[in-house]
Structures are given as structure tokens and as C-alpha cells.
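One structure is given here, and the rest of the page talks about it.
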Amino acid sequence: MNGYFAETGALPAALDALVDGRRLSKLPRDPAADAPYGFSRLGERRYELCADFSRESAPAAAGFWAHGAGHKCFEFDYSARRPPPVSR
């Protein structure tokens, strides 16, 4: 997502936009649900990624990525990032 945002100054409407053979050749799948990860734009510069976890994260994974078992969404905010300069 970082590279896409750095190049375009926007978030994609869907994760499929990241599959371009350069960033990704295919979308990774949520191994617990055997389905694509959930993606929702929450605004112009905010989004969330969701997955289903069969168990809670290891104690060493404290912080942002820590999660319990079940469905969990992680929110990202690009509001503080500057869009790329406009080519002229």
C-alpha cells in the first residue's frame, strides 16, 4: 500500500489495484478463512484490513499487530503523509 500511495497520492478503491505484476502478482489470502483479506476505505486517506484468526497472537506480538482469536481489523491512516509531487 505504501508504494501505491507514494506513486498515486491516493488509496486504491479495492485491493485488486495492487496486483500489477510489480507490487503484487496476486493478492495474499487469509489462511484461516481461505479468502481474500477484507479491505475497506474509511475515507480519502484511511483504510482497514481485516482477517480471521484461529488463535490469539503470541505475547511477543504486543502492540499494533496484537489480536485475539476471531475477526480482527487493523486501521491505517495516511492523513499525515504528503501526496507525491505533480509532474509538469
Side-chain angles (χ1 to χ4, degrees):
M1 192 69 68
N2 292 339
Y4 185 93
F5 185 84
E7 289 177 20
T8 66
L11 296 174
L15 286 179
D16 292 348
L18 303 177
V19 180
D20 63 2
R22 191 171 44 110
R23 288 181 195 87
L24 293 171
S25 57
K26 65 180 183 175
L27 287 176
R29 296 180 66 81
D30 176 348
D34 191 28
Y37 289 99
F39 171 79
S40 297
R41 281 183 59 165
L42 304 174
E44 289 295 315
R45 294 179 174 228
R46 292 176 47 241
Y47 70 97
E48 68 180 6
L49 288 175
C50 302
D52 293 313
F53 295 95
S54 58
R55 61 181 184 263
E56 67 182 53
S57 56
F64 180 78
W65 293 111
H67 58 78
H71 191 74
K72 171 70 176 169
C73 295
F74 298 91
E75 189 172 323
F76 299 84
D77 190 341
Y78 280 60
S79 296
R81 297 187 185 207
R82 293 181 163 200
V86 176
S87 301
R88 297 183 191 255

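All values below were derived from every heavy atom in this structure, side-chain atoms included, with hydrogens, water molecules and symmetry-related copies excluded. Along the sequence shown, the residues carry numbers beginning at 1.
Interatomic distance, CE of M1 versus OH of Y47, reported as 4.5 Å (0.5 Å rounding). Put simply, CG on L18 and CG on D20 are 7.5 Å apart, with the number rounded to the nearest 0.5 Å. Taken to the nearest 0.5 Å, the CG atom of L11 stands 7.0 Å off from the OH atom of Y78. We find the NZ-CZ distance between K72 and F53 to be 8.5 Å, quoted to the nearest 0.5 Å. Y37 OH to L49 CG: the interatomic distance, rounded to the nearest 0.5 Å, is 9.5 Å.
No close placement of the F39 and F76 rings is indicated, their centers lying 6.0 Å or farther apart.
In the hydrophobic clustering of ILVMFWY residues, with side-chain heavy atoms under 4.5 Å counting as a link, L15 and L24 come out together.
Nearest heavy-atom pair across A32 and S54 is CB-N, 4.3 Å. Across all non-hydrogen atoms, the minimal contact from S57 to A66 is OG-CA, 3.4 Å. Residues C73 and E48 come closest through the heavy atom pair CB-OE1, 3.7 Å. D30 and D52 get closest at one heavy-atom pair: OD2-N, 2.7 Å.
Residues forming a side chain to side chain donor-acceptor pair (under 3.5 Å) with R46 (at least two apart in sequence, or on another chain): E75.
Counting only heavy atoms from C-beta outward, the side chains of D34 and R29 approach each other to under 4.5 Å.
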